[in-house]
Every structure is written in structure tokens, then in C-alpha cells.
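What you see is a predicted model, and the numbers here were worked out from it, not measured in a lab.
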Amino acid sequence: MGKSVLRCAVALALAAGAAGAGYQYAGEWPTATWCEGLDINAVNGDVYVLVVYDVTYFTPDGSLLGSWDSGMPLCMPYAVACSPAGNVYVSNVCPVDLDYIRYFTPAGSFLGQFVHTSWREVYGMDFAADGTLYATDEINEMVWHCAPVGKLLDGWEGDFLAPKGVAVAPNGAVYVADTGNNTMKYYTARGAYLGSWGGYGTGDGQFIQPWAVAVAADGTVFVVDRNNNRIQYFTSGGSFLGKFGSPGAGPGQLDRPTDVAVSLSGNRVYVSDTNNFRIQYFDATNVNVQPASLGKIRALFR
């Protein structure tokens, strides 16, 4: 057997085992008051969190690094997203004005802002690998796509009802939490419909207000199932893989979580546990990786 074929087989076996991984509570840190938006900076690995009007950032284990006031007068920041270049973008929802997106260096120095007259309540944001930004518009019930300095590229409707979270997969697919319809939907980078899953309920794959979404490097889709107080995760096509979290204030329990982010390695998932005033993180157990891998590899040599 050639080395390249063996390497490919080993990689496939490891991936097959990893699909059976679960997630367990690994730690937390307090945020003093309620926290909402959450993202991981791909450049430095730090965790950025919206705590009321401030962007606060931490090491991956929760040591405070700094914070800054991200807002504008009479505006409430809703979402934070880190660009591939490492800059930090914050959406500001302004009830008496237009909605602005402001952006900063990783340490909080102001770089600029932009706004479009058609935007109303930009609730979720995420970046594609090419540096372009996708944002959900809760009031107009659309997804907008723009350049990192604000030039509007396109946008689409999707029969949404108060959509909130959005995330872009490594392959460019765009996942949208269609909150009011209790459904997850996904599209091509230009808005062509690819599929959906969900529906109202408490069963596996059902939601009561899916609020936010994050996609890991391997394509696993993590969804904040807010009113069920849990995180569910799925294959890229929406097949149920697992869940974690339950109602409450203890370790691993959640009270109306708002956002989710996945570490660069994919082995740790962070959750804004909003009403418990904390960030919790859950680590992959990978309990099935070794048996699945060894079994498949041994079979190649029989």
C-alpha cells in the first residue's frame, strides 16, 4: 500500500471516529452582567464577547485581556465577528437612527464604520474565507452580503421570520438561524437555497428559537437552541449528531444562551450563557476516535 493511500485511509478513519464525539463541560468564567455576541479571533485565538455595550476579550481559558466601548449613543451592540485579518466588527442597532457596523483592531482601536439605509436590526454577522461579510437583517428578514469596508455586494430573502444567527462554512455555504420559523436554512455563497431542517419542538433536531449558529472547520454545524437551553450539532446537511446543555445555573447548564463559537482546532465550543452572566466552554470527548480509527486501519491490512 502506498504511503499516500495509507495517509488518506488514516485520515478517513479518524474523521469517521470523530463524528461520534461528544462534548462535556470543561470550564467557565463570569462576565459581570449579561453577555450576547461571541466569536473567536482566528489570528490570535482570543475569545471576543459583547458584554452590554463593551467588547471584552479573553484568552481561550478566560483570562481577561482588555475591553472597550463599542457602541454609539442610543445604540445597542448585538453581534461581534472577527474578520480573517483579525479585525473586530460590531453591529449597533439604533432605534432612532440607522444600524451601523463599526470595526476595530484586535485591541480595540477604532478603524471605521459603515451603514446602509436598507438595513434594520442587523442581528448576526460572520465572515467568509474571502473576507466578505454576511449579516442577518431581522426586520427586513434578509441576509446581506458586503465587502469588509461596507460596499454592498448582494442580499436575499428566504421566507425568513425574524432571522438572527448566520455562519459561513469553510466550503462557502451560508447557514441562517430562521428564528421565528424554528428552522435552520442554508444557501450557496450567492444565496441559492440548498436545504433546511428543524421545526418547533424539544426533540432531537427540533428547536424553540434557534438563535445563533457556528460552523467548525470540519463542517459540523452548532446551533444555539435558545429556549430549550441547549446546543445541538449537526452534519453539514442537517443530520443530528448530538447535543449538550440543560436548563439551570449549574456547570454545563444554560439560561437563554445567545451565541456559540468553535475554537480553531474544533475541540472546544464556547457558549454565551446570557442570563447566567458567564461564558461556558465544552470540550470534545472524542470517545470513539481510537476504536473507530484502529478498526478501520487494521482492516486495510487483512
Do [X] and [Y] sit in one hydrophobic cluster, given that two such residues count as connected whenever their side-chain heavy atoms are within less than 4.5 Å of each other, even indirectly?
{"X": "V260", "Y": "V215", "result": "no"}
{"X": "V224", "Y": "V262", "result": "yes"}
{"X": "V269", "Y": "L241", "result": "yes"}
{"X": "L111", "Y": "V149", "result": "yes"}
{"X": "V55", "Y": "Y100", "result": "no"}

[X] (side chain) donor-acceptor with [Y] (main chain) under 3.5 angstrom:
{"X": "Q113", "Y": "I101", "answer": "no"}
{"X": "N182", "Y": "Q209", "answer": "yes"}
{"X": "N228", "Y": "R230", "answer": "no"}
{"X": "T56", "Y": "S67", "answer": "no"}
{"X": "Q253", "Y": "P247", "answer": "yes"}
{"X": "Y281", "Y": "G62", "answer": "no"}
{"X": "Q232", "Y": "V223", "answer": "no"}
{"X": "D126", "Y": "V168", "answer": "yes"}
{"X": "Q280", "Y": "V271", "answer": "no"}
{"X": "Y48", "Y": "P106", "answer": "yes"}

Which heavy atom in [X] sits nearest to a heavy atom in [Y], and how many Å separate them?
{"X": "A214", "Y": "A261", "result": "CB-CA, 4.2 Å"}
{"X": "M125", "Y": "S91", "result": "CE-N, 3.6 Å"}
{"X": "Y193", "Y": "Y187", "result": "CA-CD2, 3.5 Å"}
{"X": "V122", "Y": "Y78", "result": "O-CB, 4.0 Å"}
{"X": "G165", "Y": "T136", "result": "O-CG2, 3.8 Å"}
{"X": "D69", "Y": "D54", "result": "CA-OD1, 3.4 Å"}

Practice task
Assess the pair Y23 and F222: is the distance between their ring centroids shorter than 6.0 Å?
Solution key: yes
Could you tell me the separation between the [atom1] atom of [X] and the [atom2] atom of [Y], rounded to the nearest 0.5 Å?
{"X": "I231", "Y": "Y270", "atom1": "CD1", "atom2": "OH", "answer": "14.5 Å"}
{"X": "W211", "Y": "D225", "atom1": "CH2", "atom2": "CG", "answer": "12.0 Å"}
{"X": "L254", "Y": "R226", "atom1": "CG", "atom2": "CZ", "answer": "11.5 Å"}
{"X": "D178", "Y": "T183", "atom1": "CG", "atom2": "OG1", "answer": "5.5 Å"}
{"X": "F240", "Y": "Q206", "atom1": "CZ", "atom2": "CD", "answer": "11.0 Å"}
{"X": "I208", "Y": "T179", "atom1": "CD1", "atom2": "OG1", "answer": "13.0 Å"}

Find out whether [X] and [Y] are in side-chain contact, i.e. whether some heavy atom of one side chain is under 4.5 Å from a heavy atom of the other.
{"X": "L64", "Y": "F58", "value": "yes"}
{"X": "W68", "Y": "V88", "value": "yes"}
{"X": "F114", "Y": "C146", "value": "yes"}
{"X": "R278", "Y": "C35", "value": "no"}
{"X": "Y134", "Y": "V176", "value": "no"}
{"X": "V221", "Y": "Y186", "value": "no"}
{"X": "D61", "Y": "W29", "value": "no"}
{"X": "S70", "Y": "P77", "value": "yes"}

Tell me yes or no: between the side chains of [X] and [Y], is some donor less than 3.5 Å from an acceptor?
{"X": "D130", "Y": "T132", "result": "yes"}
{"X": "N227", "Y": "R256", "result": "yes"}
{"X": "D218", "Y": "T220", "result": "yes"}

Practice task
Name the orientation class of the two ring planes belonging to W197 and F234 (parallel below 30°, tilted from 30 to 60°, perpendicular beyond 60°).
Solution key: tilted
Handout entry: For T274, side-chain contact (heavy atoms from CB on, under 4.5 Å) partners two or more places apart
Key = W34, T258, S272
Problem - V49 and V80: CA distance, side-chain angles, deciding distance, side-chain contact (heavy atoms from CB on, under 4.5 Å) verdict - result: CA-CA 7 Å; V49 184; V80 61; over 6 Å; no
Which atom pairs, donor and acceptor, lie under 3.5 Å between side-chain atoms of residues 151-159 and protein residues at least two apart or in another chain?
from: D154; atom 1: OD1; to: H145; atom 2: ND1; distance (Å): 3.1
from: D154; atom 1: OD2; to: R190; atom 2: NE; distance (Å): 2.8
from: D154; atom 1: OD2; to: R190; atom 2: NH2; distance (Å): 3.4

Handout entry: Worked check of side-chain contact (heavy atoms from CB on, under 4.5 Å) between S236 and Y175
Key = CA-CA 9 Å; S236 59; Y175 291 81; 3.5 Å; yes
Acceptor/donor pairs from residues 38-47 side chains to any protein atom, 3.5 angstrom cut, sequence neighbours excluded:
from: D39; atom 1: OD2; to: C82; atom 2: N; distance (Å): 2.7
from: N41; atom 1: OD1; to: V43; atom 2: N; distance (Å): 3.0
from: N41; atom 1: ND2; to: G86; atom 2: O; distance (Å): 2.9
from: N44; atom 1: OD1; to: D46; atom 2: N; distance (Å): 2.9
from: N44; atom 1: ND2; to: D46; atom 2: OD2; distance (Å): 3.4

